[in-house]
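Worksheet for the structure shown next.
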Amino acid sequence: MGIWSGNLAKLVTPLPDLLSLAGAEARIITALRVAVMSQKCYRDARPYLQDRLGSDLAVSRFLILIEAIGGVWPESVKIGRACCPHTMPDEILLINMLRCVAQGDRPSFDRLICEMIDPCGCNRIYLDMANFVAAYGTRPVNS
């Protein structure tokens, strides 16, 4: 088996669905979907996001993060419908980025998006993610 078969295996690996993710990660993806849908419908997402993210501070930092991503991402971020259990590649990329930030692994974070986003944009997203992770990490464990 050569290099092509290894790369091909990565391409056909199925994405996880929401039920297979950790609860905190599934809530983040659901919150992302709700925030985008609310914006399209000209509705305030905060009450719905607070149920998923736990605090006003986490909601505020999450909305700032979404704005930062929208400002520097090279194309439209693809997300699933709010009711869909399947995840999209951009949603999983976001979760992987958040995992790197939560672990303090800046080099791995940069490797995930360095080819798509300039260093200034990477830094902004990293810092906004760190702020969100700090606020989201304070929610009770059983939520």
Side-chain angles (χ1 to χ4, degrees), residues 1-41 44-46 48-143:
M1 297 248 187
I3 188 169
W4 293 108
S5 61
N7 289 337
L8 183 60
K10 288 180 185 176
L11 291 175
V12 296
T13 302
L15 294 170
D17 63 18
L18 285 176
L19 297 175
S20 68
L21 293 173
E25 294 172 345
R27 284 190 296 275
I28 290 169
I29 290 175
T30 304
L32 175 65
R33 292 174 179 184
V34 167
V36 170
M37 183 58 68
S38 295
Q39 182 184 15
K40 287 183 178 187
C41 295
D44 183 14
R46 287 181 175 276
Y48 306 104
L49 295 178
Q50 190 167 3
D51 287 344
R52 286 159 183 82
L53 302 177
S55 71
D56 286 331
L57 181 60
V59 169
S60 294
R61 290 182 175 179
F62 186 72
L63 293 172
I64 290 168
L65 171 60
I66 291 172
E67 184 178 327
I69 290 170
V72 300
W73 217 255
E75 57 190 37
S76 296
V77 176
K78 307 291 189 280
I79 62 166
R81 289 177 280 171
C83 61
C84 183
H86 305 291
T87 58
M88 302 294 286
D90 286 342
E91 294 170 335
I92 298 304
L93 176 58
L94 175 73
I95 293 299
N96 286 331
M97 292 163 58
L98 284 165
R99 287 174 182 161
C100 290
V101 171
Q103 296 167 356
D105 188 355
R106 180 64 192 256
S108 293
F109 174 88
D110 287 338
R111 279 192 297 276
L112 287 172
I113 61 172
C114 70
E115 292 180 9
M116 298 187 315
I117 299 173
D118 65 85
C120 184
C122 285
N123 195 50
R124 176 170 181 203
I125 291 174
Y126 185 87
L127 294 174
D128 287 340
M129 281 189 168
N131 288 333
F132 168 67
V133 165
Y136 186 59
T138 60
R139 81 180 272 131
V141 176
N142 61 354
S143 306

task: Could you tell me whether the side chains of Ser108 and Arg111 share a donor-acceptor contact shorter than 3.5 Å?
output: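 Checked: Ser108/Arg111 side chains pair up, N/O donor to acceptor below 3.5 Å.
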For [X] versus [Y], what's the shortest heavy-atom pair and its separation?
{"X": "Met97", "Y": "Ile113", "answer": "SD-CG2, 3.7 Å"}
{"X": "Ala26", "Y": "Leu18", "answer": "CB-O, 3.7 Å"}
{"X": "Ile92", "Y": "Pro16", "answer": "CD1-CG, 3.6 Å"}
{"X": "Arg61", "Y": "Ala134", "answer": "NH1-CB, 4.2 Å"}
{"X": "Ala135", "Y": "Ser55", "answer": "O-OG, 4.4 Å"}
{"X": "Arg81", "Y": "Arg33", "answer": "O-NH1, 3.0 Å"}

query: Would you say the side-chain atoms of Gln39 pair up with the backbone N or O of Val36, donor to acceptor, closer than 3.5 Å?
result: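 Absent.
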- prompt: Does any N or O in the side chain of Gln50 come within less than 3.5 Å of the main-chain N or O of Val59, such that one atom is a donor and the other an acceptor?
  reply: no
State, with a plain yes or no, whether a side-chain heavy atom of [X] is found less than 4.5 Å away from one of [Y].
{"X": "Asp90", "Y": "Ile79", "answer": "no"}
{"X": "Arg99", "Y": "Glu25", "answer": "yes"}
{"X": "Arg124", "Y": "Asp118", "answer": "no"}
{"X": "Ile28", "Y": "Ile95", "answer": "yes"}
{"X": "Arg106", "Y": "Asn123", "answer": "yes"}
{"X": "Ile125", "Y": "Val101", "answer": "no"}
{"X": "Asp44", "Y": "Ser38", "answer": "no"}

task: Measure the acute angle between the ring planes of Phe132 and Phe62, then classify it against the limits of 30° and 60° as parallel, tilted or perpendicular.
output: tilted
Out of curiosity, [X] [atom1] to [Y] [atom2], how far, rounded to the nearest 0.5 Å?
{"X": "Leu63", "Y": "Leu49", "atom1": "CG", "atom2": "CG", "result": "5.5 Å"}
{"X": "Phe109", "Y": "Cys114", "atom1": "CZ", "atom2": "SG", "result": "10.5 Å"}
{"X": "Leu94", "Y": "Thr87", "atom1": "CG", "atom2": "OG1", "result": "11.5 Å"}
{"X": "Arg52", "Y": "Tyr136", "atom1": "CZ", "atom2": "OH", "result": "11.0 Å"}
{"X": "Leu65", "Y": "Met129", "atom1": "CG", "atom2": "CE", "result": "5.0 Å"}

- prompt: Do other residues, nucleotides or ligands put more than 12 heavy atoms under 6.0 Å from Lys40 NZ?
  reply: no
query: So does Tyr48 have more than 12 non-hydrogen atoms from other groups sitting under 6.0 Å from OH?
result: no
message: Could you go through Met116 and Leu93, starting from their C-alpha distance and side-chain angles, then the distance that decides it, and tell me whether this counts as side-chain contact (heavy atoms from CB on, under 4.5 Å)?
response: CA-CA 12 Å; Met116 298 187 315; Leu93 176 58; 4.0 Å; yes
